[in-house]
Amino acid sequence: MFALVDCNSFFASCEKVFRPDLEGQPVVVLSNNDGCVVARSPEAKKLVPMQATLFSIQHLVKRGELCVFSANPVLYKDMSRRVIETLQHFSPEVEQYSIDEAFLGLHGFTHRDLTAYGQQIKATVQQWTGIPVSVGVAPTKTLAKLAAHVAKRNPDLKGILDFNTVADVDAVLAAIDVGQVWGIGGNLRAKLNAQGIRTVLQLKHADEQRLKKQFGILVLRTVMELRGVACFPMEPVAAPKTMRIVSRSFGHLVTELSDLKEAVATFTTRCAEKLRDDGLVAHQFAVAIRTSYYRPDNQYAAARSVTLAAPTNDTATLIHAAMPLTAAAFKPGYEYLKAKVIATELTPADAVQGELFATPVNTEKRDRLMTAIDTLNRKLKPDAVKFGAVGLNPTWQMRSDYFSQRYTTHWDEIPKVKVGQSSRLASPRSLPVNN
DNA sequence: TCTGGGGTCCTAGGACCC
DNA sequence: TCTGGGGTCCTAGGACCC
C-alpha cells in the first residue's frame, strides 16, 4: 500500500506561510526571470491560467488584486525538506518524488484506518510547516497519484482519499481524463484519444499487448498499475545523479561573446558547487547557447562538449574548459537569450578511476581551495569569493523584481515580528528558524 | 509584451564482438 | 550459390515528470 502526499500550490503556499496578511488572497509565483506563472494559490486559480506571462497579469497586480512573487528556490527547497522530515514520522519508508511530493510506503499499515491516518498526516504537516497537503492512498503508486488528484479537487474529501474505501473505483476512473494519469503526457494522450481511449477507465481496460507494442513498456506498466498490480516499487534511496544542468534565460538579450562568456562562467560556478554538494565529479562538460524561440528572424542554437582530462568538480578547471566551448558555439550577429552548462559522466569524487598512463594529479590542494571558497560563500554571502571570469557587472542578469525573503535559511532575512502588530503574526505559523 | 529550469527513462538503429 | 546466432555498447531522439 502506498500513500502519495502532494503539497497544494506548493510555491504559493511557501510564500503565504511567512505572509499571514495574504491569507485568503490570490497569490502567484513566477518562473525564473519573472517569465510566467508556475504556481497559483486556490484563490488565484480563478483569476489566472497556469503559464500566464507576467505581462498578461500585470493589470491585476497594479490594481492590487493579485500578489505576485519571483521564484525563491532556496526557500522552497528548505520548506520541502521540512515537509519530508515531518512525513518521516509517519512511515519508515519515505521517497521524495519531487520538490512537493512524496510517496510513503504503508506496508504493514493496512490494518489501520488509512483515511484517518491521512488526516493525521495532513494536520501534522500543516501544523509543523504551514503547508497544506493532499493525500492519496492506494495499492499502487499510479493509483495513489490519482487518489490524491481526486482528493485535491473534491472538497467533501477534505484532502484525503483512500481508494480502498471506494465502493466503485471504476466509476471514479471513468470520470478522469486519461491525460491525468502519471506517465501519460500530452503526446500519448493525443495518440490514445485517436484510438478512442479518453478516460482512465478505458486505459485500464485497453489491450495490453497492443499497448506494449505501440507505446513501449512504460505505458504497459502504467496500465498494470491501474489494475492494481504494483510495477513501480518504493525507491527510498535516491538514485545517484547522472547529470547536472545549470541553465538560465537572460534578463536582456546578449550579443557580445564577452558577456556570454561571463554568463557561462557564472553558470559553471553554480554547476561546480552543485557537484561538490553532491560529492560528484564530472568527466564530460558541455555548453549550449541559443536565441529566443519566439523570434523567427533570429534563430540560432549551438552546443559544444569536451571530455575532461580527468573527472573534476573544480570551478577553475571547469571554467577553463567552458570558455573555449562558448567561443566555439558563438556566432556573431545573433541576440542570445539563454545559455546552459551540462556536466555528465558523473562519478563519486572519492572513487575516481585513475589514468593508466597519466602522471597522477594530486588534487588535494585544489579541493582545499574549493572547500574554503564554499565555506566563505556560505558564511558571508553567495559569490562573496568568485572567479574573475564571471565579471563584475553582469549585463545578462535575470529579472527578479518580486523577490521575497529567504526566511528560513538566512539570519538577516528571518521573519520579524513587531510588538503591537496583528496578533496573527505570532500564531503557530511563525515557525522557529533553522539552526 | 513575453512566453522557466532541471531532470530521467526508453527505444531504435548502427557498429561491433565472438 | 549462399552465407548463423547471440549479444553489448553507444547515440540521438522522443517521451515523460515536477
Side-chain angles (χ1 to χ4, degrees), chain A residues 4-11 28-39 48-59 61 68-74 76-77 80 83 95-103 141-142 145 148-149 178-192 211-222 231-232 235 238-253 267 270-271 274-275 277-278 280 284 286 288 290-296 303 305 307 335 337-346 398-401:
Chain A
L4 186 269
V5 180
D6 190 354
C7 299
N8 300 343
S9 317
F10 182 57
F11 296 171
V28 299
V29 176
L30 301 170
S31 64
N32 262 345
N33 214 25
D34 288 350
C36 61
V37 170
V38 295
V48 297
M50 205 64 162
Q51 273 126 45
T53 61
L54 175 58
F55 175 81
S56 71
I57 58 172
Q58 198 66 271
H59 61 288
V61 180
V68 49
F69 288 99
S70 299
N72 187 344
V74 172
Y76 310 149
K77 219 178 150 193
S80 172
V83 171
E95 173 190 343
Q96 174 154 22
Y97 173 68
S98 73
I99 194 159
D100 71 336
E101 277 174 76
F103 288 105
K141 283 180 162 182
T142 303
K145 291 267 282 182
H149 170 87
V178 71
Q180 295 298 332
V181 175
W182 186 38
I184 306 296
N187 262 294
L188 284 171
R189 177 176 181 268
K191 286 175 191 162
L192 290 168
L211 286 178
K212 175 170 189 258
K213 203 170 167 203
Q214 210 174 347
F215 301 117
I217 192 75
L218 274 183
V219 170
L220 176 64
R221 286 199 191 124
T222 298
C231 300
F232 303 118
E235 287 165 25
K241 295 250 182 263
T242 65
M243 64 190 334
R244 271 302 200 178
I245 298 179
V246 175
S247 146
R248 295 281 182 281
S249 297
F250 307 137
H252 301 280
L253 295 174
F267 301 172
R270 291 288 93 76
C271 188
K274 285 184 179 184
L275 291 173
D277 280 350
D278 297 340
L280 296 172
Q284 187 88 22
R290 70 163 173 81
T291 57
S292 170
Y293 284 131
Y294 306 99
R295 290 267 308 275
S305 71
T307 301
E335 297 188 311
L337 175 78
K338 183 176 188 167
K340 164 154 124 170
V341 301
I342 308 132
T344 49
E345 291 181 26
L346 307 184
M398 277 197 311
R399 278 186 297 272
S400 193
D401 293 337

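Residue numbers start from 1 in every chain, and the chains themselves are labelled A, B, ... in the order their sequence lines are given, proteins ahead of strands. Computed over heavy atoms, backbone and side chain alike; hydrogens, waters and symmetry mates excluded.
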Q) Between residues 214-221 of chain A and DNA chain B, which residues have a heavy-atom gap below 4.0 Å? A) A:G216, A:I217, A:L218, A:R221

Counting distance only, does the side-chain N/O of [X] pair as donor-acceptor with the main-chain N or O of [Y] below 3.5 Å?
X	Y	answer
A:D278	A:K241	no
A:Q284	A:T344	no
A:S70	A:D401	yes
A:T142	A:T222	no

Name the nucleic acid region contacted by [X], choosing base, sugar-phosphate or nothing; use a 4.0 angstrom heavy-atom cut-off, strictly under.
X	result
A:R295	nothing
A:K340	nothing
A:L30	nothing
A:Q58	nothing
A:I99	nothing

(Q) I want to confirm an ordering. Mapping A:S56 and A:R290 to their closest nucleotides on DNA chain B, which one lands closer to the 5' end? (A) A:S56

Q. Under a 3.5 Å cut-off on both pairing distances, which runs of 3 or more consecutive Watson-Crick or G-U pairs involve DNA chain B?
A. B:5-18 with C:5-18

Q: Could you walk me through whether A:L30 and A:V37 pass the side-chain contact (heavy atoms from CB on, under 4.5 Å) test, one step at a time?
A: CA-CA 4 Å; A:L30 301 170; A:V37 170; 4.2 Å; yes

Q) Roughly how far, to the nearest 0.5 Å, is the OG atom of A:S56 from the CD atom of A:Q51? A) 11.0 Å

Q. Got a sec, which residues hit salt bridge (charged side-chain N to carboxylate O under 4.0 Å, His left out) with A:K340, two or more places apart in sequence or on another chain?
A. none

**Q.** A:R295: partners by salt bridge (charged side-chain N to carboxylate O under 4.0 Å, His left out), with sequence neighbours left out
**A.** A:D297, A:E335

Q) Does NZ or CZ of A:K141 fall inside the cone over A:F103's six-membered ring, less than 6.0 Å from its centre and within 45° of the axis? A) yes

Q. Can you find a pair of side-chain heavy atoms, one from A:L211 and one from A:L220, that are under 4.5 Å apart?
A. no

Q. If you measure from the P atom in C:dC18 to the same atom in B:dT3, how many Å do you get, rounded?
A. 24 Å

Q: Report the residues that fulfil ring-ring contact (aromatic ring centres under 6.0 Å, His included) with A:F232, sequence neighbours left out, ordered by chain and then residue number.
A: A:W182

Q. Taking syn as any angle within 90 degrees of 0 and anti as the rest, which one fits C:dC2?
A. anti

Q: Under 4.0 Å from any heavy atom of chain A: name the first and the last nucleotide of DNA chain B that qualifies, 5' to 3'.
A: B:dT1 to B:dT11

